[in-house]
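Note sheet for the following structure.
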Amino acid sequence: MNLELRNIEKSFGDKKVLTGVSFRAEGGKAFGLLGRNGAGKTTSIRILMDVFPADGGEVLVDGHPIDYGKIGIGYLPEERGLYPKKIIIDQLTYFAQLKGMERRDAVRSIDHWLERLGMTEYRGKRLDTLSKGNQQKIQLITALAHDPDIVILDEPFSGLDPVNAMLLKDVVKEQIGKGKIVLFSSHQMSYIEEFCDSIAILNKGVVALHGDLRDIKRDYPRDRLVVRSLTPDAIRKDFGSSCSESEDGSLMIRLSDPAEKKAVMTRLAENYDIDEVKVFEPSLNDIFVEYAGDAPKEE
Amino acid sequence: MKQFGTILGFELKYYLKNKVFIGVTIFLVILIAGVMFFPRISSLFEKNETPDSEIPSDSSRAVMLIKEEDPAMADMVRQAFSASFMNYDVRITDSDVDAIRDEITIGAADCAFVLRGLTDFTYYVNNLSMYDMNAATASETLRQLNQMNAMIGSGISPEDAASLMNLEIKSEVESLGKDQMQNFFYTYIMIFALYMVILLYGQMVATNVATEKSSRAMEVLITSAKPTSMMFGKVIASCLAGLLQLVAVFGSALLFYNLNKPYWGGNMIIGSIFNIPAGLLLYMLLFFILGFLMYAFMFGAVGSTASKLEDINTSVMPITMLFIIAFIVVIMSMTTGNVDTPLMKACSFIPFTSPMSMFTRIAMSTVPWYEIALSIAILIGSTVAVGVLAAKIYRVGVLMYGTTPKIGNILKAVFQSKNPSTGS
């Protein structure tokens, strides 16, 4: 199964929010939708979920316009919130029923999830008696209880302690393992880097970068070497202005031509006490800053 | 449709499980029970304490002093006043005016009439009550005395004069259309119930929507259910809850009244309240449902535009004002007795005012069937239109956080999203 947004256009009043937004997410893989605040992520998600129609473009599943009656979507919104004064099992059942589940199936599935997330003891309690992290877990159940085909998680890790974050990671991996389309939206690049095979970066309503994360990294010019050594000063003297020191103490040597790589590596290995030499690959953070920054990069 | 049912059930359960809702309903039923059982209970006490005296004993009656200069007249005046003021112990006094004033001030007497002949008097009382009719009664008594004296003076025997003065006229009134004496009270009660329920539940719908928005439960709801299902489910659930409450209150009133009917005896007002024609009850139901839905949709739409619960009161103000004006127009024309004024006629075709004004006209006057049909048709049409528009405003409104948007901007957004050029 795959999900594709094709040339989505959207304006609110005179303000153009999305311009020709296209991206594609595959089943069994996680997809990262990135962008700064106000870049159009939430609008894209809402169009994808049919909260409001796009002005132009299509939402396709396996090449056909999406049928919301058949394709289930689970959504963990960035703005968290359920009914604070209502009993947890009541409201979870309600949300699952709204998604089309029969009452009995809904209760069974919710009980399963409550147990999976270690929340069974809170089943009959009011939501506002729970801690923030536990409320988050309840909210996660609203996104997963009806076993959706597409899972959309907006900032899923914010507000979770490391133990709960681990629990959520397991759940996400399990969902990916079931062949679902998992769509992440987050500013925490480390999680995206850990889960997502492909990404799209939105910048001011335009897709600035889209594709497989490994390909994106590989496509970067391989003209920098990261060097760890016990004698950095000698190396810096040797390489002069093409060598700079990074924050973590390692050295970065800029090559005038990627083809020089082998020669430079040999030279380093023969002359100095080297711990590690590798070609520099930008982190997702670097890529994000580059593409989601103020000026969209033209390729 | 299934989604609508789920929402309706969930929202209805919210009302029926709500402690305030249950509490208020029970309180009203008990209150009504108290009122309806009151004559029975008070008759029990009366029987036990004062077995067969209708007029309170002399000692407990209020004291009325009469000062009449002419001793020949004094006794006649006392007799006449005793007959007119059954509740007073009427006494003749010789004290001067200052002494009478003192007696009243210290409470030894309750009131006094100082007569100067049979055509001139001063009435003294400590605190003049709003309902004190004693001076008027005294005038009437003295007028009759004068007439009696005149008749006797011209040769009619005192017995004939007395029977002439007390001649009884038999009369019957037959109203060919509606009888406002009969229907005023129940129309008033029904209009007032309509007013209270719509205003209360309208506010609840608005608050309910605004709470979902401010708690961000909306984020999940709006992505799970169609805004039309949400809006109609919510509003119809509150309508059912309101109806249920009305039925509970009026039903128990009717039940308790029938249990205590003998004790209410000939009380005209209470009797007329429970003498509502069945056809009128059906109109009441129809106008209640339509009026309720119309206003609840508007309240819901406004609730969706408020970002904070605190904003609700100011946001719903225009709707509340509109509704109060409709209410005042109806009540004013009801009290003047003419419910067919041009204003009322116009109001009975305007959907925002027709639930109350057309109902009042049907109840208190004779309205041609085609006017009723037209009014109901307009009301149904506009209720559906308002419902659909409210659902659209809701969809746009609930996702607008921050400052409360202007109504113009919302409508612009609503109509913009109404012509989607997308295929999906």
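Bear in mind that the values here come from a model prediction, so they are computed numbers and not experimental data. Letters A, B, ... mirror the listed sequences (proteins, then strands); counts begin at 1.
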query: If you count heavy-atom pairs under 4.5 Å with chain B, which of A:D67, A:T93, A:L82, A:I73 comes out on top?
result: A:L82
message: With chain B as the partner, which of A:P77, A:G74, A:G81 has the greatest number of non-hydrogen pairs under 4.5 Å?
response: A:G81
Flag the pair [X] / [Y] as yes when at least one side-chain heavy-atom distance between them is below 4.5 Å, and no otherwise.
{"X": "B:K226", "Y": "A:D50", "answer": "yes"}
{"X": "B:V396", "Y": "A:F52", "answer": "no"}
{"X": "A:Y94", "Y": "B:L221", "answer": "yes"}

message: Using a strict threshold of under 4.0 Å (side-chain N to carboxylate O), is an ion pair present between B:E219 and A:R46?
response: yes
Cationic N near anionic O, under 4.0 Å, A:E79 to B:K213: no
Ignoring hydrogens, what is the shortest heavy-atom contact between [X] and [Y]? Give both atom names and the distance.
{"X": "A:Q97", "Y": "B:T6", "answer": "CB-CG2, 3.5 Å"}
{"X": "A:F95", "Y": "B:V220", "answer": "CD2-CG1, 3.7 Å"}
{"X": "B:K2", "Y": "A:G100", "answer": "NZ-O, 3.0 Å"}
{"X": "A:M49", "Y": "B:T223", "answer": "CE-CB, 3.4 Å"}

Just checking [X]: does its [atom1] atom have more than 12 heavy atoms from other residues, nucleotides or ligands closer to it than 6.0 angstrom?
{"X": "A:E174", "atom1": "CD", "answer": "yes"}
{"X": "B:M317", "atom1": "CE", "answer": "no"}
{"X": "A:K29", "atom1": "NZ", "answer": "no"}

task: Check each atom of A:Q139 against the heavy atoms of chain B and say whether the ones under 4.5 Å are side chain, backbone, both or neither.
output: side chain
- prompt: Considering only heavy atoms, which portion of A:K85 lies under 4.5 Å from any heavy atom of chain B: side chain, backbone, both, or neither?
  reply: neither
- prompt: Do the rings of B:F10 and A:Y83 sit parallel, tilted or perpendicular, given the 30° and 60° boundaries?
  reply: tilted
